[in-house]
Undergrad: 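One structure is given below, represented as structure tokens, and several questions about it will come after.
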Amino acid sequence: MNWTDEQLAAINKTGSNIIVSAGAGSGKTTVLTERVITKLKSGIFLNELLILTFTNNSAHDMQEKIKKEINSHPELKHSLNNIENAFISTFDAYVFSLVKKYHYYLNIDKNIQIIDSSVINFKKKEILSEIFNNKYLNKEQDFIDLVTNFCVKNDEGLQQNILNLDKNLDLIIEKEEYLINYIENYYKASNIYDLLNKYLKLINKRINALNSTLNKLSFEVSPVFYDKIYGLLKPVLEAKNYEEVRVVGSVSLPSLPPGSSDAAKFYKAELKKIIDELKIYTKQTKEDLIQEVLTTSNHVKVVIDILLELNDKVDKYKKKHNCFEFSDISKLAISLLKNNPDIASQLKNHFKEIMIDEYQDTNDIQDAFISMIENNNVYMVGDIKQSIYRFRNANPSIFKEKYDKYKNNINGIKIDLNKNFRSRPEVIELINSIFNKIMDNEIGSADYALEHQMVFGNESYNVISPSNYSPVFYTYEKDNKYSNEEIEAYIIGKDIKKKIENKFQVMNKGTLRDCTYRDFCILIDRTSSFEVYKKVFEKMQIPLIIQKDENILFNDETFLIKNILTLILKIKKEEFDADFRFCFTSIARSYLFELPDEKIFLSFTNNKIFESEIYKIAKTFNKDLNYASNRDILEEIIFKFDFYM
């Protein structure tokens with residue numbers, strides 16, 4: 001392969017922590033795989049590399065790519081013997097294996113299990129409800145004040161907010177210590193003034209937005225009208241401190257002249273919106289703002305007490321049942337390393353390099369764990385533009401902070417893989433033009449225009465005139481006769497037919513050919529539109545294949561497994577009621593057994609049900625239910641009931 005200089009650096013650089021900012025289509029996976037091969041050729045064993053990613057699929061794909069690449073190097077064939085035992089896994093899987101291996105140091109059972117999120121969320125709700133009820137019964141006045149101030153009809157919203165807080169606090173390694181010290185740290189004078197300064201910066205941003213919008217309005221109205229509005233807003237725009245900004249409270253904008261443009265109406269409405277916000281922000285004096293923050297301490301203390309009690313009871317529940325969440329497992333791993341330096345040292349010395357793919361999706365706990373086993377040998381690959389797991393607590397600012405340090409050669413080095421070998425220059429230019437406007441250090445955690453723009457890299461595309469591939473944006477007028485989806489489907493269908501008729505040229509293995517219907521892909525954000533496209537395309541005689549996700553909740557297999565699980569539980573509890581009979585009948589009539597109704601009926605009437613094969617198989621699960629995980633039970637059901645028959 002013809003590597004670029006940047007790719008060669010990403011493959012061969014050593015001796016330091018390295019962060020690789022790899023844009024889409026830059027060949028990052030190929031580079032990462034080649035780096036592994038280079039390490040093996042240098043005499044490092046495969047099990048001396050820790051290769052981490054964030055999904056099971058990614059870990060499996062990485063393992064397969066490394067295996068395939070090893071196969072192409074005869075001198076490395078011996079490494080295939082270790083591929084199955086290599087440390088190529090997700091973060092969660094690796095720390096879980098570490099905690100199980102050293103369980104006796106943590107005083108936990110070796111058969112530790114991951115608790116299902118729905119189970120623990122239900123249990124947290126149950127425990128929190130009990131805590132609330134006890135506080136009501138004890139008539140705790142501070143708690144009553146909290147409920148009175150923040151609840152209307154019931155306390156469900158307050159309870160949900162506390163559960164959300166608890167979930168976010170799970171990202172803090174020393175959660176209990178953080179809560180215990182929160183009041184002291186948050187309400188100290190220095191922090192209060194920091195909060196006030198952040199508040200003032202927010203107001204300054206709105207004033208800047210006011211100035212920008214006023215400037216845009218100047219192009220849409222007469223100089224006389226503009227001067228009138230500017231005169232009203234001048235004291236706010238030129239305010240030197242918070243108290244001077246408060247004059248905004250007396251500002252009232254005049255009406256636009258008759259016949260003003262839609263743009264003028266829009267900018268005038270934006271001005272009013274910003275002014276109304278500023279009126280709310282500056283309603284109180286600075287002293288009143290500070291005092292208002294301080295008066296919240298009693299309410300916060302009650303919430304903290306509830307969180308500490310909830311945390312304590314949930315921890316006891318988890319330890320009793322030997323089931324934990326992945327965030328708990330990561331914290332246990334950190335505790336293990338913190339309290340046993342010999343184990344941390346052993347891992348530091350064992351791993352010659354720690355490779356992390358999709359590093360932009362790292363969270364704070366994972367980063368803390370890596371910092372305890374790294375030895376200036378962490379190789380991080382990611383693209384801050386592609387951080388999509390914030391809902392799973394990913395923190396892209398970790399990537400940015402390291403990138404900013406390493407670009408100045410502080411604690412590491414950075415390498416940019418910005419050349420895109422997948423897309424045409426027109427696509428790259430369009431993407432850059434969009435992200436240049438919407439992604440900066442404050443929005444998106446990166447200065448896209450300065451450091452992360454993609455660069456066209458696939459010169460083979462240059463055989464085709466760029467004018468053929470410029471992005472096209474279609475607009476249309478609404479029509480009461482047809483829906484928007486129908487109009488859009490027709491426009492797209494017409495465009496496809498035109499390209500087919502004009503023999504639009506596409507690239508195929510380095511050569512050009514006429515396009516076919518198979519070369520077109522339509523991406524839609526709503527599956528409800530699929531049928532509309534099917535109808536319109538059939539009328540236009542355009543062949544169409546629809547691909548969409550299927551909801552497995554309504555599959556026959558899902559209903560069948562649900563009924564098997566219910567039957568197993570009924571047998572364990574010896575509840576041979578109507579639900580038991582329903583589940584038995586469902587399973588017996590399914591494709592797994594295909595028993596005739598007559599035989600099923602006789603099984604009930606002759607009391608032969610306990611001699612049936614279904615009952616005997618289900619009864620074997622009795623002992624497994626006490627310790628097996630949900631996954632183990634499901635796999636055993638699939639195996640014992642011959643789903644793959």
Side-chain angles (χ1 to χ4, degrees), residues 32 47 49-64 66 84-103 105-106 108-121 124 166-175 314-315 318-319 321-338 343-344 347 350-351 354-374 378-382 386-396 398-399 628-635:
L32 185 58
N47 67 354
L49 300 174
L50 176 58
I51 305 170
L52 300 174
T53 187
F54 290 88
T55 66
N56 290 323
N57 284 340
S58 297
H60 175 74
D61 289 346
M62 181 62 68
Q63 187 180 69
E64 290 302 308
I66 291 172
E84 298 301 329
N85 297 319
F87 298 102
I88 306 172
S89 70
T90 64
F91 260 102
D92 290 335
Y94 178 70
V95 294
F96 190 42
S97 67
L98 196 66
V99 167
K100 290 188 78 170
K101 180 179 180 179
Y102 295 104
H103 66 97
Y105 281 92
L106 295 163
I108 57 175
D109 193 284
K110 183 179 181 180
N111 295 316
I112 183 174
Q113 299 290 335
I114 300 299
I115 194 166
D116 188 89
S117 59
S118 60
V119 173
I120 194 61
N121 289 339
K124 284 181 178 180
D166 183 70
K167 184 177 180 180
N168 290 329
L169 287 165
D170 281 338
L171 295 175
I172 298 173
I173 297 171
E174 301 295 343
K175 179 179 176 181
V314 170
D315 281 350
K318 289 175 179 176
K319 289 172 182 174
H321 296 278
N322 200 37
C323 291
F324 297 87
E325 297 176 85
F326 275 121
S327 60
D328 299 319
I329 301 296
S330 295
K331 289 178 184 178
L332 285 170
I334 289 172
S335 175
L336 171 72
L337 299 176
K338 188 176 181 180
I343 296 176
L347 293 174
H350 175 76
F351 291 121
I354 301 168
M355 299 178 173
I356 308 174
D357 194 15
E358 307 296 354
Y359 188 69
Q360 75 279 353
D361 292 323
T362 309
N363 66 38
D364 297 83
I365 295 177
Q366 291 164 341
D367 193 58
F369 171 78
I370 291 298
S371 70
M372 300 182 79
I373 63 170
E374 62 101 357
V378 185
Y379 182 84
M380 300 151 274
V381 185
Q386 297 186 58
S387 181
I388 60 173
Y389 288 115
R390 296 197 194 202
F391 66 93
R392 284 195 338 208
N393 304 316
N395 182 3
I398 295 173
F399 184 101
S629 67
N630 289 345
R631 178 172 183 162
D632 291 339
I633 292 171
L634 285 173
E635 287 178 348

Undergrad: So, do Leu52 and Thr90 sit near enough that their side-chain heavy atoms are less than 4.5 Å apart?
TA: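 Not touching, per the 4.5 Å side-chain cut-off.
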Undergrad: Going from CG on Leu332 to CZ on Phe96, what distance comes out if it is rounded to the nearest 0.5 angstrom?
TA: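 Here the interatomic distance stands at 10.5 Å.
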Undergrad: Heavy atoms only: give me the nearest Ile108-Ile112 pair and the separation to one decimal.
TA: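 Heavy atoms only, the tightest pair is CD1-CD1, 3.7 Å.
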Undergrad: Could you go step by step and tell me if Phe91 and Phe369 meet the ring pair (Phe, Tyr, Trp, His ring centres under 6.0 Å) rule?
TA: CA-CA 10 Å; Phe91 260 102; Phe369 171 78; 7.1 Å; no
Undergrad: To the closest 0.5 Å, what do you measure between CD (Gln366) and CD1 (Ile398)?
TA: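 It comes to 8.0 Å.
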Undergrad: To the nearest 0.5 Å, what is the distance between CG (Leu336) and CE (Met372)?
TA: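 Atom-to-atom, Leu336:CG and Met372:CE are 8.5 Å apart.
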Undergrad: Set out, in order, the CA-CA distance, both residues' side-chain angles and the distance that settles salt bridge (charged side-chain N to carboxylate O under 4.0 Å, His left out) for Lys124 and Asp170, then state yes or no.
TA: CA-CA 13 Å; Lys124 284 181 178 180; Asp170 281 338; 3.5 Å; yes
Undergrad: Please name all residues satisfying side chain to side chain contact (heavy atoms under 4.5 Å, CB included) with Phe326, sequence neighbours left out, ordered by chain then number.
TA: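 Asp92, Ile114.
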Undergrad: Any side-chain heavy-atom pair from Phe87 and His350 closer than 4.5 angstrom?
TA: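 In contact.
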Undergrad: Minimum heavy-atom separation for Ile334 and Ile365, please, with both atom names.
TA: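 Where Ile334 meets Ile365 most closely, the heavy atoms are CD1-O, 3.6 Å.
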Undergrad: So Tyr359 and Ile370, side chain to side chain contact (heavy atoms under 4.5 Å, CB included) or not? Walk me through it.
TA: CA-CA 12 Å; Tyr359 188 69; Ile370 291 298; over 6 Å; no
Undergrad: Could you check whether any side-chain N or O of Asn322 sits under 3.5 Å from a backbone N or O of Asn111, counting only pairs where one atom can act as donor and the other as acceptor?
TA: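 Answer holds: yes.
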Undergrad: What's the separation between atom CD in Glu374 and atom CG in Asp367, rounded to the nearest 0.5 Å?
TA: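 The distance works out to 9.5 Å.
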Undergrad: Provide the closest heavy-atom pair for Phe54 versus Asp361 in the form atom of the first, atom of the second, distance.
TA: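 For Phe54 and Asp361, the tightest heavy-atom pair comes out as CE2-O, 3.4 Å.
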Undergrad: Taking atom CE of Met62 and atom CG of Leu32, what is their separation to the nearest 0.5 Å?
TA: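 That separation rounds to 4.0 Å.
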Undergrad: Decide side chain to side chain donor-acceptor pair (under 3.5 Å) for Asp357 and Tyr379; before the verdict, give the C-alpha distance in whole Å, the side-chain angles of both, and the deciding distance to 0.1 Å.
TA: CA-CA 9 Å; Asp357 194 15; Tyr379 182 84; over 6 Å; no
Undergrad: Does Gln360 form a side chain to side chain contact (heavy atoms under 4.5 Å, CB included) with Thr362? I'd like the steps, not just the answer.
TA: CA-CA 6 Å; Gln360 75 279 353; Thr362 309; over 6 Å; no
Undergrad: Identify, with sequence neighbours excluded, every residue that meets side-chain hydrogen bond (donor to acceptor under 3.5 Å, both in side chains) alongside Glu635.
TA: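 With sequence neighbours excluded, Glu635 shows a side-chain hydrogen bond (donor to acceptor under 3.5 Å, both in side chains) to Arg631, given in chain and number order.
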Undergrad: Just wondering, do Leu50 and Ile373 contact through their side chains at under 4.5 Å, heavy atoms?
TA: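 Ile373 reaches Leu50 side chain to side chain.
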Undergrad: Flag the pair Leu98 / Leu347 as yes when at least one side-chain heavy-atom distance between them is below 4.5 Å, and no otherwise.
TA: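 They are in side-chain contact.
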Undergrad: Check the pair Asp364 / Ile173 against side chain to side chain contact (heavy atoms under 4.5 Å, CB included), numbers first and verdict last.
TA: CA-CA 9 Å; Asp364 297 83; Ile173 297 171; over 6 Å; no
Undergrad: Quick check: does any side chain N or O of Glu64 sit under 3.5 Å from a backbone N or O of Asp61, one acting as donor and the other as acceptor?
TA: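 It does not hold such a pair.
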Undergrad: Does CG belonging to Asn56 count more than 12 external heavy atoms closer than 6.0 Å?
TA: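 Open: at most 12 neighbouring heavy atoms sit under 6.0 Å from CG of Asn56.
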Undergrad: Go through Ile343 and Tyr105 one step at a time and tell me if the side chain to side chain contact (heavy atoms under 4.5 Å, CB included) criterion holds.
TA: CA-CA 10 Å; Ile343 296 176; Tyr105 281 92; 3.9 Å; yes
Undergrad: Can you find a pair of side-chain heavy atoms, one from Phe324 and one from Lys331, that are under 4.5 Å apart?
TA: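 Counting from C-beta outward, Phe324 and Lys331 never come under 4.5 Å.
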Undergrad: Donor-acceptor pair, His60 side chain versus Ser89 backbone, under 3.5 Å?
TA: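 No, His60 side chain to Ser89 backbone: no donor-acceptor pair under 3.5 Å.
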Undergrad: Does a salt bridge link Lys167 with Glu325, judged by any charged N lying under 4.0 Å from a carboxylate O?
TA: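 Salt bridge flag = no for Glu325 with Lys167.
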Undergrad: Provide the closest heavy-atom pair for Val95 versus Ser330 in the form atom of the first, atom of the second, distance.
TA: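 The pair with the smallest heavy-atom distance is CG2-OG, 3.9 Å.
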Undergrad: Atom CD1 of Ile329 and atom NZ of Lys100: how far apart are they, to the nearest 0.5 Å?
TA: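 Rounded to the nearest 0.5 Å, the CD1-NZ separation comes out at 9.5 Å.
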Undergrad: Less than 4.5 Å apart, side chain to side chain, heavy atoms only: is that true for Thr53 and Ile356?
TA: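 Side-chain contact under 4.5 Å: no.
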Undergrad: Are side-chain N/O atoms of Thr55 and Ser58 paired as donor and acceptor at under 3.5 Å?
TA: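 The criterion, which ignores hydrogens and geometry beyond distance, is satisfied for Ser58 and Thr55.
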Undergrad: Is the shortest side-chain heavy-atom distance between Val381 and Glu358 below 4.5 Å?
TA: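 Counting from C-beta outward, Val381 and Glu358 never come under 4.5 Å.
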Undergrad: With side chains defined as the heavy atoms from C-beta onward, is the minimum distance between Cys323 and Lys318 less than 4.5 Å?
TA: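 Side chain of Cys323 against side chain of Lys318, heavy atoms only: no contact under 4.5 Å found.
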